[in-house]
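Structure first, then comments.
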There are 2 protein chains.
Amino acid sequence: MAYRATEFTESRKAQTRARLLKEARKLVSREGFRGLSIAEVARRSAIATGTVYRYFPSKSELCVAVFEVATQREIEAVTAASEQIEGPVQQLRAALECFIQRAMQNPNLAYALIAEPVDPELEQTRLNYRAQWAEVFSRLLQQGIRRGAFIAQPERLCATALVGAMAETVIIPLQQARHGTPENNPVIHPLTQAHCQQIIAFCMRAVVTPEGNS
Amino acid sequence: MAYRATEFTESRKAQTRARLLKEARKLVSREGFRGLSIAEVARRSAIATGTVYRYFPSKSELCVAVFEVATQREIEAVTAASEQIEGPVQQLRAALECFIQRAMQNPNLAYALIAEPVDPELEQTRLNYRAQWAEVFSRLLQQGIRRGAFIAQPERLCATALVGAMAETVIIPLQQARHGTPENNPVIHPLTQAHCQQIIAFCMRAVVTPEGNS
DNA sequence: CCATAAAGTGAATCCGGATTCATTTCTTGA
DNA sequence: TCAAGAAATGAATCCGGATTCACTTTATGG
């Protein structure tokens, strides 16, 4: 035999893959998934169009990968934010706040992840990840219920409702903020701070026991 | 001059248009918007493909029309349901209940209207109609706030959150129910009655004053 | 330096359904 | 019945970006 992948080649390959993902994410952050064309990603990654298919079997798999990486990052950030604090009520509040804050930080990406129309395969992925989001809140709820801070109820359903409320209330401000916000030029939408608190208040009321202070 | 549209011709034209809309809606109720092709609608309406363009300038305009008619009908049903009753709390409850009930009655259509991935133009329409939904709830909230039954708060934002919570909690059961439900063979998803009440309970907690009984 | 296998290339092809348009058929008022 | 305008027809065209593939280049081990 005369050829076998060596660690050097392997890492090179991994690098290229990472580069593809990064460039793809940039494009999505700029113009959403509809701004993502194989040819463009290839160009920006300095490889040929066809080569992309050595790394991702199809465009939609690339989209899915981009989506997953980006969403995972968000989930981790929100989770981390909640873990920095004690007490179920405060934790939930922190999580919600972090979610909104980050969305407003990069409205284009947030919009793409939450609401942009995409083809079915990607939409299915989105659906799965909504379930993951619900899972995040579900855990927080569970703890709070155990300690009597939250109303006893099917946490999963409740968490889903929270996800819905958060996503919906954020979409419109997001759309407003979405136009002309370069990826690394954070702009807080004027409405946000007030809105943010109102949204959170809504969520907390739906969930916290009357006694449970905030 | 030798030709001018006569009332007969006009009504014939209106009929054809209505038939197109109806057949299109049927298709959407069966397979969502992605199951809607101009050729198929034409076939079922017993006219030629090209003729469709006499009635709708493009496919997406047809989609938008279908969406609008269907959604408007839903909005009216929900509004009507709330108006049959007295008292803000009961009214809101009735509206939410009606929303869910109808969604489960025709899961395919509901899914298409609420969550199916569609192209941007239609998605924009959906966005506008979400605002209309929010408007429906907003009015109910306003009345309730005036009478002290609901917590004082920006109704619009709150209504938006309600819309989000409702849509999100309904999507998954919807997807389960979606497969193999002929348009006129109502099936209540097993989970619904319990779920429905839980969802409503969530919404009410977020909105009703501690004193406001249910 | 060679043979082999993998990776890279990018122009050509594919694709499926929307849209068009030259032609035919129908309506109307005279 | 006729002329002229409207409506209907449906096969042919269009479209834009994903995907392919015959060929070139690069990496590996002997």
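In what follows, chains carry the letters A, B, and so on, assigned in the order in which the sequence lines appear, proteins first and then strands, with residues in each chain numbered from 1. Only a predicted model underlies this, so the values are computations on that prediction, with no experimental measurement involved.
- Put simply, CG on Asp119(B) is 14 Å from P on dG17(C), counting in whole angstrom units.
- Put simply, CD on Gln15(A) is 12 Å from P on dG8(C), counting in whole angstrom units.
- Every salt bridge (charged side-chain N to carboxylate O under 4.0 Å, His left out) that Glu23(A) has, sequence neighbours left out, goes to Lys26(A).
- Phe67(B) and Tyr129(B) have perpendicular rings, their planes meeting at more than 60° on a 0 to 90° scale where under 30° would count as parallel.
- Between Ala95(B) and Phe137(B), the shortest heavy-atom contact is CB-CE2, 4.1 Å.
- Remark: side-chain polar atoms of Glu168(B) are not paired, donor with acceptor, to backbone N or O of Ala161(A) under 3.5 angstrom.
- Side-chain atoms of Thr49(B) lie closest to dT19(C) of the nucleotides dT9(D), dT9(C), dT19(C).
- Atom pair Ile47(A):CD1 and dA11(C):C1' shows a separation of 17 Å (rounding to whole Å applied).
- Other residues, nucleotides and ligands place no more than 12 heavy atoms under 6.0 Å from the CZ atom of Arg34(B).
- One can place CZ of Phe33(A) at 17 Å from C1' of dA18(D), the figure rounded to the nearest angstrom.
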What does the list of N/O pairs under 3.5 Å between the protein and nucleotides 12-16 of chain D look like, with a distance for each?
none

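- In this structure, Arg19(A) atom CZ and dG8(C) atom C1' are separated by 12 Å, rounded to whole Å.
- Looking only at side-chain heavy atoms (C-beta outward), Ser45(A) and Val41(A) come within less than 4.5 Å of each other.
- The nearest whole Å value for the distance from the CG atom in Leu62(B) to the C1' atom in dG17(C) is 14 Å.
- In this structure, Ile38(A) places its CD1 atom 15 Å from P of dG8(C), rounding to the nearest Å.
- Using a 4.0 Å cut-off between a side-chain N of Lys or Arg and a carboxylate O of Asp or Glu, Arg102(A) and Glu74(A) qualify as a salt bridge.
- A salt bridge links Glu123(B) with Arg126(B): the closest approach of a Lys/Arg side-chain nitrogen to an acidic carboxylate oxygen falls below 4.0 angstrom.
- Using a 4.0 Å cutoff on non-hydrogen atoms, the parts of residues 50-59 of chain A near DNA chain D are Gly50(A), Tyr53(A), Ser58(A), Lys59(A), ordered by number.
- Distance NZ (Lys13(B)) to P (dC26(C)): 18 Å, rounded to an integer number of Å.
- Under the 3.5 Å distance criterion, with hydrogens and angles disregarded, a donor-acceptor pair is assigned to the side chains of Gln197(A) and Glu97(A).
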